[in-house]
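Before any comments, here is the structure.
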Protein chains: 2
Amino acid sequence: MYSISNVSSARPPRTTARPVEHPFTDDRTGRARIRDAAIQLVADSGPSAWSARGVARAAGVSPGLVIHHYGSMDALRAACDEHVVARIREKAEAASATGAPVDVLSVLREDDGGLLAGYLAAVLAESSPAVARLVDDLVADAERYLLHGAASGRLRPTDDLRGRAVVLTLWSLGALVMKEHVKRLLGADLTAAGTGTEAIAAYVRPVSDIYAHGLFSEAFASTTRAVLEEESP
Amino acid sequence: MYSISNVSSARPPRTTARPVEHPFTDDRTGRARIRDAAIQLVADSGPSAWSARGVARAAGVSPGLVIHHYGSMDALRAACDEHVVARIREKAEAASATGAPVDVLSVLREDDGGLLAGYLAAVLAESSPAVARLVDDLVADAERYLLHGAASGRLRPTDDLRGRAVVLTLWSLGALVMKEHVKRLLGADLTAAGTGTEAIAAYVRPVSDIYAHGLFSEAFASTTRAVLEEESP
DNA sequence: CGATATGCTATACACCTGTTTAGCGCGGAG
DNA sequence: CTCCGCGCTAAACAGGTGTATAGCATATCG
């Protein structure tokens, strides 16, 4: 689900990969600098940019230090996933606590220059236990929101709340993965925090329209429902 | 858009990567065998499986022959993209000619063991001119379908037909890219041609429900529309 | 027959990958 | 002072990458 009232105002431009000023500066040891540089690199240049030497260069350290701190590139990858997932979880929980709509795209629209969104977009299609857990959690969040929304009368009830939560969440995440196509076709950059309301609106408007009224005419919707009921076991 | 009446019946199981029996056998020179093996490899094992030696092994030839025929791995990649895109285009045109709903997921559900879908899922998030063109064409197809659907009264009219076409197409393609998450969360395998109606239904049902009625209650939809109109320039 | 084209392999090369190892510098504690 | 721990680099290694090159086998044509 996506609510227009959640559309944030203009943000500062994205930073490019370089060693490395960062929105989360809590534990800036060499270890943290390396992890953060790796996240930035993947967010900016995709999974193919992943290498010990690339990360080392971006962090301003030697490749040996990368391995020294993390033991292997796989372990670094897992650490990056866990870190990004934890951050997103925090943001999703904060949004949930305010009763705001729990759409992952709005959760990700923060002043981090598109870092979390960019990294997530890059890894969503890859096999990662941490990311799979995040997706599952986001679905659970969406399901809770749908439940409350139906109870309050804002959202239509359904006998398959979970299926709906899965579909809505995966649609949003899928659009994120397909961000370059979204950008080319609609001019909307789903990860750029610097994007103004207008540029995101090109994506949000048709989405909201479908959420508001569906796609089928009422007559056709009735027909489809009849077909659905025939096919049910 | 997705129509239940388009759900195909059970198909034979997927083939695994091996040298290599294939649904399209028209030009089975060494060159074609290599290209087809490469497509199968990526469909089965993702972009990280891409290497001259991996493709050569799968095709039962030497790595040198791969390069001999295509000049470089980049050229082979481009050839694979073009080939898959051409096949999908054929299928989409055939579906369009019959007036069937032009949903890419149903177009891809054929007796090729999930090959086209699997390859497309693997490359959709990567930068590829051929794939971008395919996406653009699929959006154009969807827009035409929406136009006809609105004229016939089956689909709701909208002042942003193109935006809707983009969103619907990218949702479907996004779900394809996220196929492992769809499978884990709903048990629906969007690329496996061997999947029966029931397994796909777990994805299709909530989708159809949203298409039929939207997500918001009528009261809330009216409110959202009011917000939308306020925010329009 | 020889010449040419095509298909193909084996080998080698330059460069990249992740990882290991040795060693230096610095700070703190005893 | 010495010792220890930590942070760090440089060099080396094994294994992988894409690619180039030489050469063999086969078929076809004049």
Side-chain angles (χ1 to χ4, degrees), chain A residues 17-22 25-42 44-83 122-123 126-129, chain B residues 17-22 25-42 44-83 122-123 126-129:
Chain A
R18 57 184 63 256
V20 161
E21 48 196 16
H22 239 299
T25 56
D26 41 346
D27 55 350
R28 299 288 295 175
T29 57
R31 184 180 168 90
R33 275 186 291 118
I34 289 165
R35 182 200 62 219
D36 294 348
I39 290 167
Q40 186 81 58
L41 191 64
V42 169
D44 291 343
S45 309
S48 62
W50 184 263
S51 75
R53 288 173 173 81
V55 172
R57 216 164 12 242
V61 300
S62 71
L65 192 62
V66 173
I67 301 300
H68 173 74
H69 275 307
Y70 287 93
S72 71
M73 290 305 291
D74 281 346
L76 171 59
R77 167 62 191 276
C80 291
D81 285 355
E82 293 283 355
H83 186 80
V123 301
E126 300 196 340
S127 174
S128 158
Chain B
R18 56 184 61 253
V20 164
E21 50 194 16
H22 239 300
T25 56
D26 42 343
D27 55 349
R28 299 289 294 174
T29 57
R31 183 179 169 90
R33 275 186 290 118
I34 288 165
R35 182 200 61 218
D36 294 348
I39 290 166
Q40 186 81 57
L41 191 63
V42 169
D44 290 342
S45 309
S48 61
W50 184 263
S51 73
R53 291 173 172 81
V55 171
R57 214 163 14 240
V61 300
S62 72
L65 191 63
V66 174
I67 302 299
H68 173 74
H69 276 306
Y70 287 94
S72 70
M73 290 304 290
D74 281 347
L76 171 60
R77 167 62 191 278
C80 291
D81 286 355
E82 293 282 355
H83 187 79
V123 301
E126 300 196 339
S127 175
S128 158

Inset, instruction - Go through the steps to decide whether A:Met73 and A:Val66 satisfy the test side chain to side chain contact (heavy atoms under 4.5 Å, CB included), and finish with yes or no. - result: CA-CA 8 Å; A:Met73 290 305 291; A:Val66 173; 4.0 Å; yes
Between [X] and [Y], which heavy-atom pair has the shortest distance, and what is it?
X       : Y       : answer
A:Ala49 : A:Leu41 : O-CD2, 3.5 Å
A:Ala38 : A:Cys80 : CB-SG, 3.7 Å
B:Ala56 : B:Ser62 : CB-C, 3.6 Å

Specify the separation, in whole Å, of atom [atom1] of [X] and atom [atom2] of [N].
X       : N      : atom1 : atom2 : result
A:Arg77 : C:dG18 : CZ    : P     : 13 Å
A:Arg57 : D:dT9  : CZ    : P     : 14 Å
B:Met73 : D:dT17 : CE    : C1'   : 10 Å

Inset, instruction - In sequence, state the C-alpha distance, the side-chain angles, and the governing distance for B:Val55 and B:Arg35, and then conclude on side chain to side chain contact (heavy atoms under 4.5 Å, CB included). - result: CA-CA 8 Å; B:Val55 171; B:Arg35 182 200 61 218; over 6 Å; no
What are the atom names and distances for every N/O pair under 3.5 Å that joins the protein to nucleotides 23-27 of chain C?
none

Legend entry - Between OG1 on residue A:Thr29 and CD1 on residue A:Ile34, distance to nearest 0.5 Å: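 Result: 8.0 Å between the selected atoms.
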Inset, instruction - For side chain to side chain contact (heavy atoms under 4.5 Å, CB included), just list the numbers for B:His83 and B:Asp36, CA-CA rounded to whole Å, side-chain angles, deciding distance to a tenth of an Å, and then say yes or no. - result: CA-CA 9 Å; B:His83 187 79; B:Asp36 294 348; 4.1 Å; yes
Legend entry - Where at least one partner belongs to residues 72-81 of chain B, residue pairs that pass side chain to side chain donor-acceptor pair (under 3.5 Å), sequence neighbours excluded: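 Checked against side chain to side chain donor-acceptor pair (under 3.5 Å) - neighbours excluded - the pairs reaching residues 72-81 of chain B are B:Arg77-B:Asp81, B:Arg77-B:Glu126, B:Asp81-B:Tyr119, B:Asp81-B:Ser128.
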Produce the list of close N/O pairs, under 3.5 Å, pairing protein atoms with atoms of nucleotides 7-16 of chain C; give distances to one decimal.
{"from": "C:dC8", "atom 1": "OP1", "to": "B:Arg33", "atom 2": "NH2", "distance (Å)": "3.1"}
{"from": "C:dT9", "atom 1": "OP2", "to": "B:Ser62", "atom 2": "N", "distance (Å)": "2.9"}
{"from": "C:dT9", "atom 1": "OP2", "to": "B:Ser62", "atom 2": "OG", "distance (Å)": "2.9"}

